[in-house]
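When a ligand or atom number is given, it counts from 1 through the structure's own listing order. Basis for what follows: all heavy atoms, side chains included, without hydrogens, waters or symmetry-related copies.
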Amino acid sequence: MTTTQVAPGSATHTEVIPFRAGDGMALNLHHVTSSHPVTRGPVLLVHGAGVRADIFRTAGQPTIVDALLAEGWDVWLENWRASIDLPPNRWNLDQAAVHDHPAAVATVLEHTGADTLRALIHCQGSSSFALSAVAGLLPQVDTIVSNAMSLHPVVPRLSAFKLSRVVPLVALAMDYVDPHWGKTAPTGFLQRRMVDAVRLTHRECGSGACRMVSFVYGAGHPALWSHENLSSGSHTWLADEFGPVPLTFFAQMARSVRAGRIVPTGSVPGLPDDPVAGPPRTDARFALVAGRDNLCFLPESQERTYDHLERHAPGRHSVHVVEGYGHLDVFMGRYAPRDTFPLILQELAR
Ligand SMILES: [Zn+2]
């Protein structure tokens, strides 16, 4: 079953196409079209943790989706199990790598009749998608443009401390943390105390949700963008774009940061114990992008993955550290159409 929506104030149409993950979980794809003729193949956009497909479509400004449509791409956005558009669930990267992304790719290829597709992937959408690719589960994906982190998470020292010391304690008391608590006060006692602590320690702006995002996802003030890079409209918009993230994910990321590479939980068959122990089981070309000022995952994350990939296929891949940008302002920055989109478009088209 499909539905069609017309985005207010924009000439794009979004068709929501449900599909089933490998374990039966109900997920969906947003197929975005516009008046621009489709002259290129399908491109799949994969969001990060605790957001949704629309994180790539900042309200009130030209987005990477608009830029892709203008270049003739057939644009598909995946709502995988970490999406806040889906019922909260205690997901991990293994489930996404084995169950979600291969099914999403198969669905896009089935609908388009294409043999291959290209992917633009961000943060935990990137780590799980890259994990899937190097495990040999995405043979139809020939080009992967990744932002922020893929196989080697390197985080600021404060984040490493929070992951190793604070997450285990929080996990004793709650199953999820939710940046949206910064906007709509939570009812639980511990949740309220967490919001109070963030209010005291994060004074960088007046948005409770923006400050909670920084507490949950990194070590900066703010962590995922610089305020100078955002319009006031997108700063307001993002407050409703973040939702619950399960502690199961943070526990896996804590182990991965300690190991210096993504560590599968072992809960889902089909993944190697160490995804960077041998050559990647994919022919995809990777273009790895990192904002120089990223305070969620340091740029060294992408540089390490580049070194790994390059060892097995010298000269095939690329890495780009973008000055003046952080984590998500690569997509939602007010000047991103000028500063970062050309690089993304160029790497997808290469
Ligand atoms: Zn803010």
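Of the residues listed (V319, L288, V134), the one engaging T305 in a side-chain contact (heavy atoms from CB on, under 4.5 Å) is L288, and it is the only one.
Around the Zn ion (ligand 1), the protein atoms of type N, O or S that sit closer than 2.8 Å are C205 SG, C210 SG, H227 NE2, H235 NE2.
Alongside V154, the hydrophobic cluster contains L298 (criterion: ILVMFWY side chains under 4.5 Å).
Between R118 and D142 there is a salt bridge, since a side-chain N of the basic residue sits under 4.0 Å from a carboxylate O of the acidic one.
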I'd like a table of donor-acceptor pairs (distance under 3.5 Å, sequence neighbours excluded) in which one partner is a side-chain atom from residues 93-105, with atom names and distances.
residue: D94; atom: OD1; partner: Q252; partner atom: NE2; Å: 2.8
residue: D94; atom: OD1; partner: T265; partner atom: N; Å: 3.1
residue: D94; atom: OD2; partner: T265; partner atom: N; Å: 2.7
residue: D94; atom: OD2; partner: T265; partner atom: OG1; Å: 2.9
residue: D94; atom: OD2; partner: G266; partner atom: N; Å: 3.1
residue: Q95; atom: OE1; partner: N92; partner atom: N; Å: 2.8
residue: D100; atom: OD1; partner: R81; partner atom: NE; Å: 2.9
residue: D100; atom: OD1; partner: R81; partner atom: NH2; Å: 2.7
residue: D100; atom: OD2; partner: R81; partner atom: N; Å: 3.0
residue: D100; atom: OD2; partner: R81; partner atom: NE; Å: 3.0
residue: H101; atom: ND1; partner: E78; partner atom: OE1; Å: 3.2
residue: H101; atom: ND1; partner: E78; partner atom: OE2; Å: 2.9
residue: H101; atom: NE2; partner: S128; partner atom: OG; Å: 2.8

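S127 and Q124 are linked by a side-chain donor-acceptor pair at a separation below 3.5 angstrom, with hydrogens and angles left out of the test.
Pairs passing the salt bridge (charged side-chain N to carboxylate O under 4.0 Å, His left out) check and including a residue from residues 313-339, sequence neighbours excluded, read R292-E323.
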